[in-house]
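Notes to accompany the following structure.
Residue numbers start at 1 and run along the sequence shown.
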Amino acid sequence: MAKRKVRRQARRILGEDPVAVVWCEVHRGIPRPPEEVHRAAGKGRLKPGHHWLLYVGAVLFFFVVVPMMLIDRLGGRPDRSQAPPRSQRQGPTPGGGRGRDPGREAANGVFDGDWSLTAGQLLLRWYGRSPNPKRLVLLTRDRVCVAASPRRRLSPTRADDFRIVAEFPVREVSVEGEAGQPRGFATFRLCFSDGSWLEVGRLGEPEDADHFLRTIND
C-alpha cells in the first residue's frame with residue numbers, strides 16, 4: 001500500500017483519510033486540440049516533461065548507435081524481392097471507415113472528444129499543472145480529487161509534496177473500472193455529469209490499484 005508519507009500528505013490536504021488512492025497516468029498521448037481551443041486555454045503543454053538523462057540517452061543513440069548501425073549495413077543493398085506490392089504499402093484510402101465519429105477517433109481513446117466539456121478542459125491543463133505524468137487520484141466519501149507533484153521526477157511511494165489540482169463532488173463525477181484487471185494493464189474512467197469522460201491507466205503500486213478498483217465496484 002502507499003507509504004506513510006503519501007498517506008500523511010493525503011490526509012493533510014484532504015482534511016480526512018482517503019477511502020482509496022492510486023497513482024495513474026494518461027496512458028496514451030493527449031490528442032492535439034484545435035488551435036483556437038488550445039489558444040483559449042492558454043496554450044499549455046500537451047506532453048509531460050522529461051528528465052535530462054532522457055535527452056542524454058537520445059543524443060547518444062543518434063550520434064553513437066545510429067552511425068554504428070549504418071556502418072554495419074554499409075555496402076548492403078535492400079532486397080527488393082521482399083518489398084510488398086505497392087498496393088499493400090499504401091495506407092487507407094480517403095473516405096474509408098464509414099460510420100466513424102471523427103471526434104472520438106481523434107480522441108485516441110483518451111477522452112470523449114469534446115474539448116469544451118469537463119474532461120477536455122481537464123486535459124487541456126493536465127501538464128500545465130505539473131510536467132510529471134503521474135497523478136494521484138484520491139477518493140473520499142463525497143469527493144474525487146486529482147493531485148500532482150510539481151517535480152519532474154518523483155517516487156510515487158514516497159512523494160509528499162503533491163497537491164490537489166482538480167476536485168469534483170461525487171454528484172458531478174463517477175469512477176468506473178473493472179476489478180480484477182491484469183496488473184500493468186488496468187484502466188479506469190472518470191465519468192462526468194456533463195457526459196464527458198477521461199480514461200487513465202498505468203496504475204502504480206499494485207496493491208493500491210487492486211484496492212482502488214475493488215472500492216469503486218463495491
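You'll find the side chain of F168 stays beyond 4.5 Å of the side chain of S193, heavy atoms only. Residues R129 and L122 are in side-chain contact: their nearest non-hydrogen atoms beyond the backbone lie under 4.5 Å apart. Two residues are said to be in side-chain contact when any heavy atoms from C-beta on lie closer than 4.5 Å; S130 and V165 fail this criterion. Proximity of F212 to V21: side-chain heavy atoms (C-beta onward) are nowhere separated by under 4.5 Å. You'll find the side chain of P33 reaches within 4.5 Å of the side chain of L46, heavy atoms only.
Contact check on E172 versus R143 returns no salt bridge, with no Lys/Arg side-chain nitrogen under 4.0 Å from an Asp/Glu carboxylate oxygen. Ion pair D210/R183 flagged as a salt bridge, since at least one NZ, NE, NH1 or NH2 atom sits closer than 4.0 Å to an Asp/Glu carboxylate oxygen.
Of the possible donor and acceptor atoms, one in the side chain of R135 sits under 3.5 Å from a partner among the backbone N and O of W126. In terms of modelled atom types and a separation under 3.5 Å, the side chain of Q9 and the main chain of F162 share a donor-acceptor contact. At distances below 3.5 Å, not a single donor-acceptor pair connects side-chain atoms of S149 with backbone N or O atoms of D161. Looking only at distances, a side-chain donor or acceptor of D194 sits under 3.5 Å from a matching main-chain atom of T118. With E205 contributing its side chain and W23 its backbone, the two residues share no donor-acceptor pair below 3.5 Å. Side-chain atoms of D112 come within 3.5 Å of backbone N or O of W197 as a donor-acceptor pair.
E25 is linked by a salt bridge (Lys or Arg N to Asp or Glu O under 4.0 Å) to K134, R202, counting only residues two or more places apart in sequence or in another chain. Under the rule for a side-chain hydrogen bond (donor to acceptor under 3.5 Å, both in side chains), the partners of R141 that lie at least two apart in sequence or sit in another chain are E16.
Hydrophobic clustering keeps V146 apart from V170 (ILVMFWY residues linked when any side-chain heavy atoms are closer than 4.5 Å, directly or through intermediates). Residues L117 and L198 fall into different hydrophobic clusters, defined by Ile, Leu, Val, Met, Phe, Trp and Tyr side chains chained together at heavy-atom separations under 4.5 Å.
N217 and L213 make their closest contact through ND2-O, 2.7 Å (heavy atoms, listed as atom of the first residue, atom of the second, distance). Closest approach of A209 to V22, counting heavy atoms only: CA-CG2, 3.8 Å. Across every non-hydrogen atom of G29 and V110, the tightest pair is O-CG2, 3.6 Å. For F111 against G120, the heavy-atom pair with the smallest separation is CE1-CA, 3.7 Å. Across every non-hydrogen atom of A10 and L138, the tightest pair is CB-CD2, 3.5 Å.
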Derivation of the side-chain contact (heavy atoms from CB on, under 4.5 Å) call for L14 and I164:
CA-CA 9 Å; L14 291 172; I164 293 175; 3.9 Å; yes
For side-chain contact (heavy atoms from CB on, under 4.5 Å), just list the numbers for V137 and F188, CA-CA rounded to whole Å, side-chain angles, deciding distance to a tenth of an Å, and then say yes or no.
CA-CA 11 Å; V137 174; F188 65 86; 4.0 Å; yes
Going through the distances and angles, do W115 and L123 end up as a side-chain contact (heavy atoms from CB on, under 4.5 Å)?
CA-CA 8 Å; W115 293 102; L123 273 181; 4.1 Å; yes
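Taking CD1 of I216 as the start and CZ of R189 as the end, the distance is 12.0 Å to the nearest 0.5 Å. Atom CD of E167 and atom OG1 of T140 lie 7.5 Å apart (nearest 0.5 Å). Taken to the nearest 0.5 Å, the CD atom of Q121 stands 9.0 Å off from the CG atom of D114.
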Would you be so kind as to tabulate the donor-acceptor pairs closer than 3.5 Å made by side chains of residues 173-180, with sequence neighbours excluded?
none

